[in-house]
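Below: the structure, in structure tokens.
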Amino acid sequence: MDLTPYVDHLRRELAVAADASGDEARALAERLSAPLESAARLTLLNVLSAAMSDVTRELAPGSVDVRLRGLDPEFVVTPPPAPEPVREEREAVAAPVVAAPPAAEADDGTMVRINLRLPAHLKARAEGAAAAEGLSANAWLVRAVSVALDGGGRASAPGRGKDSGGRGFTGWVR
């Protein structure tokens with residue numbers, strides 16, 4: 001984006017104002033033109049950066065950055081990741097085969113910690129879905145990952161379903 005037309009406009013406005021005040025003001029305006037150009041470019045760059053910050057908040061998880069190349073800013077757009085294709089399309093694409101862990105390893109109860117960074121709008125939706133099902137966000141995410149990796153239908157929440165006699169709850173306890 002070329003800022004020169006905007007800076008030139010400010011110079012012309014300063015010159016017009018100085019012409020109305022005489023030769024001394026005109027000479028002063030000429031001396032102030034160079035520092036004014038730097039200040040104007042910096043101010044315009046700050047305005048563009050603030051605007052792109054607002055755009056980035058709306059575009060999350062994508063972003064828009066303002067970079068200075070020479071004297072002119074340029075915009076660098078990082079689009080959000082494309083949504084996953086529907087299940088039928090995913091099955092058509094050859095996915096790497098990941099071997100399931102041995103049964104003993106899967107049931108050993110070992111827990112590990114992972115940090116997951118979600119955009120705020122996804123976090124709120126995940127917490128809402130978990131609350132609607134009476135689960136903690138962590139339990140809901142564990143179940144969602146398990147269903148995604150194991151395939152198949154939606155897994156029922158542990159400790160929530162009735163047993164075959166309808167008398168109690170099923171699930172696991174640690």
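Using modelled atom types and a 3.5 Å distance limit, the side chains of Asp8 and Thr4 yield no donor-acceptor pair.
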Side chain to side chain contact (heavy atoms under 4.5 Å, CB included) between Val66 and Phe75, worked out: CA-CA 5 Å; Val66 180; Phe75 300 105; 3.8 Å; yes
Give the intermediate values and the outcome of salt bridge (charged side-chain N to carboxylate O under 4.0 Å, His left out) for residues Arg41 and Glu37. CA-CA 6 Å; Arg41 284 183 184 277; Glu37 179 178 354; 3.3 Å; yes
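Linking ILVMFWY residues whenever their side-chain heavy atoms come closer than 4.5 Å, directly or via other members, leaves Val147 and Val142 in distinct clusters. By the criterion of side-chain heavy atoms lying less than 4.5 angstrom apart, applied directly or through intervening Ile, Leu, Val, Met, Phe, Trp or Tyr residues, Leu116 is grouped together with Trp140 in one hydrophobic cluster. Both Val77 and Met52 belong to a single network of hydrophobic side chains, linked directly or stepwise wherever heavy atoms of I, L, V, M, F, W or Y lie under 4.5 Å apart.
Of the inter-residue distances, the one linking Arg11 atom CZ with Leu36 atom CG reads 7.5 Å to the nearest 0.5 angstrom. With values rounded to the nearest 0.5 angstrom, Leu10 atom CG is found 7.0 Å from Leu44 atom CG. Remark: Asp54 CG to Ser49 OG distance equals 11.0 Å, nearest 0.5 Å. For the atom pair OG of Ser146 and CG of Leu141, the computed distance is 12.0 Å after rounding to the nearest 0.5 Å. Rounding to the nearest 0.5 Å places NE2 of His121 at 11.0 Å from CD of Glu58. Arg143 contributes atom CZ, which lies 5.5 Å from atom CG of Leu135 (distance to the nearest 0.5 angstrom).
Contact check on Glu127 versus Lys123 returns a salt bridge, with a Lys/Arg side-chain nitrogen under 4.0 Å from an Asp/Glu carboxylate oxygen. In summary, Arg69 and Glu74 engage in a salt bridge, as defined by a charged side-chain N under 4.0 Å from a carboxylate O.
Contact detail for Ala18 and Ala29: the closest heavy-atom pair is CB-CB, 3.5 Å. Here the shortest heavy-atom pairing between Ser136 and Ala130 reads O-CB, 3.7 Å.
Panel note: side chain Thr56, backbone Val64; a donor-acceptor pair is recorded below 3.5 Å.
Within the 4.5 Å cutoff, no side-chain heavy atoms of Thr43 are placed close to those of Leu45. In this structure the side chain of Leu122 reaches within 4.5 angstrom of the side chain of Arg125, judged on heavy atoms.
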